[in-house]
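The block underneath contains the structure these notes are about, expressed in structure tokens.
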Amino acid sequence: MAPRRPVASTPRVYAELALNAARSNFQRLPFPYKLTYAFTYRCNYGCKTCEIWRRRPVNELSLDEIRRLFARSDRFSWIDITGGEVFLRKDFLPVVDTILTSCTRLLLLHFPTNGYLTDAIVAGTRTIASWSPKKLILTVSVDGDQALNDEVRGIEGGWRRQIETFRRLRELDGVDVVLGFTLSRHNAGQLERCFDAARAELPELTWDDFHVNVAHRSEHYYGNHESDLVGDADAAIRADLVLFRSHRRPPFHPVAFLEHEYLRRLGRFLDGGRTPVRCHALRSSCFLDPFGEVYPCSLYSRPIGNVRDAGYDLRAIWDRAETRRLQRAIWDGDCPHCWTPCEAYQSILGSLLNPANLVPR
């Protein structure tokens, strides 16, 4: 593992994230504070809502390249590492170590997992927690009760492993873990049944241990741009969202507040298919794929440059005139429109101080 740099104090990293979020209400930032990094497209599931598992992950950024990238691009406050299944790459822990060592201002590290490789996931997360990241959050995916989950996610026995992974991760100090339920036509109307099945295994489970979002389409990320994710299930999806919100406690924690605001506006997105506040893609955040290609977000399939061609310096791509022009177009509503948590949270933070940003274009 890499030698560790001095890490900024907890008050300082909270203050830096707060300052960046505040500045983003009024201007484009000189560097993104939020990165969504699709670390690998390797996946051992076959989900109906996502086609990542069909990809052949050739020529993904190597560990050495990732080290060069974060040595030059180290000013993030918030990083989501996603996949695929991140634990299928054997160098996942060295990559996390690189991020924590290089990004000394990092407040929040989040990654999802499908939960199948229970022992590897728990052992790896225990190691990561021992490195004392300021805030470590994991999402274990679950899309129904046992039968429905395994049907939607395409692997027999998956639900049992997912629940066991969640159970064991909850026992770790320094780790926040939630169950992530993605609504689509494949499981609409089944949220309460899913919760009841999980609580039968985990009696202490509450609705606040769940995170709910709605399936989206993306050509460059999910590869599901030709899929019908909603069909005739719109009413059932909305009913599940109403049910979920009715069970949630008041949002007294910053993360709970963001989720509350995300859910509150999700109905508006479903009504018109438009992002309900002005989007902060390329203003506060961006998306990096496993091959080094930079995109505005996980949904907009318009590449803006490759870090390999930019000397592994993300800021060189961020500062380009064409990147600025694309950001302005997105800001004015010229984009595919979405409302995914990966993009919504920083957009919510970027509208708290400036009511003008609450009005989408």
Side-chain angles (χ1 to χ4, degrees), residues 5-39 66 69-82 95-96 98-111 133-137 176 253-255 257-259 261-262 275 277-289 294-300 304-305 307 310 312-320 323-324 326-328 330-331 335 338-354 357:
R5 300 182 193 175
V7 176
S9 66
T10 298
R12 180 180 173 186
V13 296
Y14 270 99
E16 178 138 356
L17 174 57
L19 178 61
N20 277 323
R23 290 175 65 191
S24 74
N25 278 253
F26 303 99
Q27 65 184 74
R28 183 177 188 263
L29 299 180
F31 189 83
Y33 72 79
K34 163 80 184 297
L35 175 69
T36 300
Y37 175 25
F39 167 60
I66 292 168
L69 169 66
F70 285 104
R72 292 165 172 81
S73 309
D74 60 355
R75 295 173 56 190
F76 298 108
S77 295
W78 182 347
I79 295 178
D80 283 352
I81 310 176
T82 186
V95 165
V96 173
T98 293
I99 289 171
L100 295 178
T101 300
S102 300
C103 301
T104 58
R105 309 173 187 187
L106 189 70
L107 171 60
L108 175 57
L109 177 67
H110 166 261
F111 55 89
K134 292 293 189 290
K135 185 74 173 176
L136 176 62
I137 302 178
D176 292 338
H253 185 276
V255 175
F257 168 78
L258 284 175
E259 187 168 4
E261 291 299 299
Y262 163 77
T275 305
V277 302
R278 299 187 88 170
C279 180
H280 278 245
L282 298 184
R283 182 178 173 99
S284 303
S285 60
C286 62
F287 176 93
L288 177 68
D289 82 359
V294 182
Y295 292 84
C297 64
S298 59
L299 276 293
Y300 195 0
I304 58 175
V307 296
Y312 301 94
D313 185 356
L314 180 61
R315 184 165 184 169
I317 298 173
W318 184 262
D319 285 342
R320 290 175 181 169
T323 303
R324 294 173 181 271
L326 181 58
Q327 185 272 321
R328 188 70 217 185
I330 295 169
W331 188 248
C335 70
C338 71
W339 196 237
T340 72
C342 289
E343 322 308 333
Y345 288 175
Q346 58 269 29
S347 297
I348 292 168
L349 290 172
S351 65
L352 293 177
L353 303 179
N354 190 348
N357 296 346

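Just so we're clear, the structure is a prediction, and the values are computed from it rather than from any experiment.
Looking at every heavy atom in both residues, Asn357 comes nearest to Asn25 through ND2-O, 2.9 Å. Nearest heavy-atom pair across Tyr262 and Ile348 is N-CD1, 3.6 Å. Arg28 and Leu282 make their closest contact through NE-O, 2.7 Å (heavy atoms, listed as atom of the first residue, atom of the second, distance). Contact record, Ile330 with Cys335: CG1-CB, 4.2 Å, taken as the closest heavy-atom pair. Taking each heavy atom of Arg278 and His280 in turn, the nearest pair found is O-CD2, 3.4 Å. When every heavy atom of Asp319 is checked against every heavy atom of Pro30, the shortest pair comes out as OD1-O, 4.0 Å.
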**OP:** Take Leu69 and Leu288 through the test side-chain contact (heavy atoms from CB on, under 4.5 Å) and record every step on the way to the result.
**Re:** CA-CA 11 Å; Leu69 169 66; Leu288 177 68; 3.5 Å; yes
**OP:** Take Ser347 and Thr275 through the side-chain contact (heavy atoms from CB on, under 4.5 Å) test and state the conclusion after the steps.
**Re:** CA-CA 10 Å; Ser347 297; Thr275 305; 5.7 Å; no
**OP:** Begin from the C-alpha positions of Asn20 and Trp78 and carry the test side-chain contact (heavy atoms from CB on, under 4.5 Å) through to its verdict.
**Re:** CA-CA 11 Å; Asn20 277 323; Trp78 182 347; over 6 Å; no
**OP:** Using the side-chain contact (heavy atoms from CB on, under 4.5 Å) rule, take Leu136 and Phe111 through it: C-alpha gap first, then chi angles, then the decisive distance, then the call.
**Re:** CA-CA 8 Å; Leu136 176 62; Phe111 55 89; 3.9 Å; yes
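More than 12 heavy atoms of other shown residues, nucleotides or ligands fall within 6.0 angstrom of atom CZ in Arg320.
Residues Glu343 and Ser298 form a side-chain contact, since some pair of their non-hydrogen atoms from C-beta on lies under 4.5 Å apart. At least one side-chain heavy atom of Ser73 sits under 4.5 Å from a side-chain heavy atom of Asp313. Between Ile81 and Leu109, the closest side-chain pair of non-hydrogen atoms falls below 4.5 Å. The shortest distance between side-chain heavy atoms of Thr36 and Tyr295 does not fall below 4.5 Å. The shortest side-chain heavy-atom distance between Val96 and Pro133 does not fall under the 4.5 Å cut-off.
In this structure, Leu19 CG and Arg12 CZ are separated by 11.5 Å, a value rounded to the nearest 0.5 Å. Atom-to-atom distance recorded for Asp80:CG and Leu108:CG is 7.0 Å, nearest 0.5 angstrom. The NZ atom of Lys134 lies 13.0 Å from the CZ atom of Arg105; values are rounded to the nearest 0.5 Å. Between atom CG of residue Asp289 and atom OG1 of residue Thr82 there is a gap of 12.0 Å, rounded to the nearest 0.5 Å. Atom OH of Tyr345 sits about 4.5 Å away from atom CD of Glu259, to the nearest 0.5 Å. Separation of atoms CD1 (Ile99) and CG (Leu35) is listed at 8.0 Å; rounding is to 0.5 Å.
Looking at Thr101, its side chain never comes within 3.5 Å of a backbone N or O of Thr98 through a donor-acceptor pair. When atom types are taken as modelled, the side chain of Thr323 and the backbone of Ile317 share a donor-acceptor pair closer than 3.5 angstrom. Here the side chain of Arg283 pairs a donor or acceptor atom with the backbone of Ser24 at under 3.5 angstrom.
Taking the six-membered ring where the residue is Trp, Tyr37 and Phe70 present tilted rings, their angle falling between 30° and 60°. Ring planes of Trp318 and Phe31: tilted class, angle from 30 to 60°.
Between the side chains of Gln346 and Ser284, no donor N or O sits under 3.5 Å from an acceptor N or O.
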